[in-house]
Each structure stands twice: as C-alpha cells, then as structure tokens.
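All remarks here apply to the structure that follows.
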Amino acid sequence: MLTPSEKALVPFVSVDHMMGLVHHLGLPDMLRDLAQCIEDDFRRWPHFDKTPRVASHSDVGVIELMPTSDGALYGFKYVNGHPGNMRAGLQTVTAFGMLARVDNGYPVLLSEMTLLTAIRTAATSALAARHLAPSGASTMAMIGNGAQSEFQCIAMQAICGISHVRLYDIDASATAKAARNLGRSGLQVTVCSSPQEAIEGAQIITTCTADKQYATILTDNMVGAGVHINAIGGDCPGKTELHPDILRRAAIFVEYPEQTRIEGEIQQLPADHPVTELWEVITGAAQGRADAGQITLFDSVGFAIEDFSALRFIRDRIEGTEFFQPLDLLADPDDPRDLFGMLARAKPVGTG
Ligand code: NAD
C-alpha cells in the first residue's frame, strides 16, 4: 500500500485523547481558557458567517449540523439530541466536529465533540453568568443532573467563583451520581428533593433537563428578584423548561436570535419580544444586568461559534502533544488529476 503524504494527514482527536488532553490541561483551567477563547470570538461576532443550525427532526430526537466560518477557518459540528437514549444505555447528546482551511478547503482537525460539547457549553454558561449574574453570586441550583451537569458546576466555580451547588433531578440516582462526581471539586454540594428546595438561597439557577416537550421545570412564583437563570435544556422546537410568565419578567439574553427564536425558551413568546445578544453585552454595545433586582435569563441553545472556538482551542492545544493521531482521511494522488491512477497503483483495477 502507498503511504499518504503528510499534507493529506488530518489530526484526529479520539475520545481517549480528548480525555488525556483535559487531564493534561486540568478541567478548571481548560474551562477558563476556553471561555476566554469563546469571548474572543464573540468580540469579533460580525466577522463570522452565521446561520441557524440545520436540524433534522424525528419523533424521538434531532440530528443537527452547526456550521460557521471566520473567513480563515471553517468549522462544523454534527450533534444529536435524543432524550430517550438514556433508557437504552446511550447518551442523549453525542457529537464530533471538523475544522478546515478556507483557502484550500483542506480539513485541519477532526475531533470527538461529545466531551468537548459539555465543556464548551459549560464555559459558555459561565461566560454568560460572569457578565449577567448578580455580583458576589456564591450558590447555584443545578436542576437536571445528567451528562452536562458536573461540567456546568465546575465552570461556574472556576469562572464565576461559586462555592455551593444545590442539586435536583427527578431521578435521585442522577443526583447521587453528580454529588459523587463533585465530591473532590471543592464545591459544597447539597442534595435536594424538589426544585423548590434546590433554588433556596441560589443566586444562579441552571436548568439542564432533557425532555422533548414543553416542560415546566420552573414556575413564575419560584423565581425571586435578582436571580440569574441559565436555561440550557430547552434547545429544540417544542422543547422548553420555563413557564412563559418567567420570560415576561426577565431581561433575556441569547446567542443568535434567528436560531433561539426557533429553539429556545423564547419560542413561547411573540417573535418580536425584545432580546439582547450576548456578544453585544461582551463588547459593551448593549447593557447586561440593569440592577440588582432584575431577573436575567440566558436562553442558551448552543451556537456554532462556540463549537468553532472549541475546535480552534483544541487545534492550538494539541500541537506538540501526544493527544492526537494523524488520520489518513484525504485522498492525495501525486498528480491531483490522477485519482484513478492512485487507486490503480494501490491494486490494479479490474483484476478481481
Ligand atoms: P441527560 O439525558 O444526560 O440528562 C438530563 C437529566 O434531566 C436526566 O438526569 C433527567 O433525569 C433529568 N430530568 C428530566 N426531566 C426533569 C425534570 N422535570 N426535573 C428535573 N430533572 C429532569 O442530558 P444532558 O446531556 O445533560 O443534556 C441536558 C439537556 O441539555 C438536553 O436537552 C440537551 O439537548 C441540552 N443541551 C444544551 C446545550 C446548549 O448549548 N444549550 C448543550 C448540550 C446539551
């Protein structure tokens, strides 16, 4: 067999290597550095090609492609969301993604993104909270204790300085798992038996549940003045977590309105209900929290630029490490027009 030339080998980051890289960097430091990388890209928001993600819905879930480009690099993520998967022992969310050069279209990175999505979602939540949550926030209620939850807690600790999390899930075994996993994080962990108990004394409320329906994880009377709500589980048409009355009381911040109006909590509101784009808060073009009594809501659905930032971050961090393998992904004939010849030299075509 002919060996591919180096220019056609694509760095590939497997799940195993991603875990190695996270441990090498340290999760809290990685979350902090990735949040900075996302913030840098949000500051140059107008430079990006932006489109709502391309979603293929079924009765049981969704498969989505999330592309964007900054003119030099192009990135996309493939991601699914299947709330019923857990019952079959499968992940609700799995993902992989790619980064490519715009000038010649050649991929420069192929990576697992199931872990990376949890990390980038947590970094984005904490970045939003750093700009929107009441100052001095020390306690977060974490409602929904599945795959994303520990990452959310550790990001809020590393980036916003929270010291206490109050956990609740309809499935007590999920809460026990999260409490166990957070045991060595340095966070004070309280296991709660209702959402009402979880939000007691919390300045930040994160909802991260998975259910393909208009769910009501929080009702209006549960939410007091001045809290910051980080709603990440409602991210699909027909899938929300908050009662609409909460939305009417809150200042709402979103990633990309064209996508969030279809997928976020605000799908429950008229299409012209005012929202603020998070990138404008970050650049100072728009106001974040107006006063201590305001309820702020980050209606997160996950946007392609966050994945682009995460892929860019990984590409920079794996250089010179053992945490990738070169992948023979691209055909690379010596004569670019002689693709057939390359095939024939590997084994003469037509000889059986
Ligand atoms: P998961 O299936 O691992 O966990 C979801 C948890 O929610 C489960 O433990 C389940 O028992 C719990 N739950 C369901 N209904 C509940 C209720 N009424 N009250 C309390 N808990 C309840 O899923 P995951 O990977 O943690 O993802 C959670 C959600 O976040 C999914 O809907 C996913 O699509 C979404 N998500 C959003 C982003 C984003 O960028 N906004 C990124 C990743 C995942």
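We count ligands from 1, going down the list as the structure has it; atoms in each ligand are counted the same way.
If you check which protein heavy atom lies closest to atom 33 (C) of ligand 1, you get D235 OD2, 3.6 Å. Atom 32 (O) of ligand 1 has its closest protein heavy atom at K239 NZ, 2.7 Å. Ranking the protein heavy atoms by distance from atom 9 (O) of ligand 1 puts D169 OD2, 2.6 Å first. When only non-hydrogen protein atoms are considered, atom 2 (O) of ligand 1 lies nearest to T92 OG1, 2.6 Å. The nearest heavy-atom contact from the protein to atom 4 (O) of ligand 1 is G146 CA, 3.2 Å. Scanning the protein heavy atoms around atom 37 (C) of ligand 1, the nearest turns out to be I232 O, 3.0 Å. Remark: minimum distance from atom 3 (O) of ligand 1 to any protein heavy atom is reached at A147 N, 2.9 Å.
Contact detail for T139 and G201: the closest heavy-atom pair is CB-O, 3.6 Å.
Considering both main-chain and side-chain atoms, N145 never comes within under 3.5 Å of ligand 1 through any nitrogen or oxygen pair. For ligand 1, the polar-atom distance check finds an N/O of R120 within less than 3.5 Å of one of the ligand's N/O atoms. Of the polar atoms of S149, none of the N or O atoms is found under 3.5 Å from an N or O of ligand 1, judged by distance alone. Between D171 and ligand 1, no pair of N/O atoms sits closer than 3.5 Å. The shortest N or O to N or O distance between Q148 and ligand 1 is under 3.5 Å.
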F313 and M30: CA distance, side-chain angles, deciding distance, side chain to side chain contact (heavy atoms under 4.5 Å, CB included) verdict: CA-CA 9 Å; F313 175 87; M30 181 175 173; 3.8 Å; yes

Decide side chain to side chain contact (heavy atoms under 4.5 Å, CB included) for S300 and T124; before the verdict, give the C-alpha distance in whole Å, the side-chain angles of both, and the deciding distance to 0.1 Å. CA-CA 9 Å; S300 161; T124 306; 5.7 Å; no

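The distance from ligand 1 to the heavy atoms of V301 drops below 4.0 Å at these ligand atoms: 39 (C), 40 (O), 41 (N). If you number the atoms of ligand 1 from 1 as listed, the ones under 4.0 Å from a heavy atom of I217 come out as 17 (C), 18 (N), 19 (N). Atoms of ligand 1 lying under 4.0 Å from at least one heavy atom of S300, given by number and element, are 39 (C), 40 (O), 41 (N).
Residue D245 qualifies as enclosed at atom CG: its count of foreign heavy atoms under 6.0 Å is above 12.
Counting heavy atoms closer than 4.0 Å to ligand 1, residue A174 contributes side-chain atoms (C-beta onward) but none from N, CA, C or O. Contacts between Q152 and ligand 1, counted as non-hydrogen atom pairs separated by less than 4.0 Å, are absent for every part of the residue. Contact annotation for T209 and ligand 1: heavy atoms of both the backbone and the side chain come within less than 4.0 Å of the ligand.
Aromatic ring centres of W45 and F303 lie closer together than 6.0 Å.
Salt-bridge annotation for E64 and K77: absent, with no side-chain N of the basic residue lying under 4.0 Å from a carboxylate O of the acidic one. Between E319 and R315, no side-chain nitrogen of the basic residue sits less than 4.0 Å from a carboxylate oxygen of the acidic one, so the salt-bridge criterion is not met. Look at R53 and D307 and you find no salt bridge, because none of the NZ, NE, NH1 or NH2 atoms lies under 4.0 Å from a carboxylate O. Taking the charged nitrogens against the carboxylate oxygens, D41 and R312 do have a contact shorter than 4.0 Å, which makes a salt bridge. D235 has a carboxylate O that lies under 4.0 Å from a charged side-chain N of K239, or vice versa, which qualifies the two as a salt bridge.
Here the SG-CG distance, from C153 to L187, works out to 6.5 Å after rounding to the nearest 0.5 Å.
Under the 4.0 angstrom criterion for non-hydrogen atoms, C208 is in contact with ligand 1. The shortest separation from a heavy atom of F303 to ligand 1 is not under 4.0 Å, leaving the residue out of contact.
Counting only non-hydrogen atoms, the option in I170, T121, D299, N80 that gets closest to atom 22 (C) of ligand 1 is I170.
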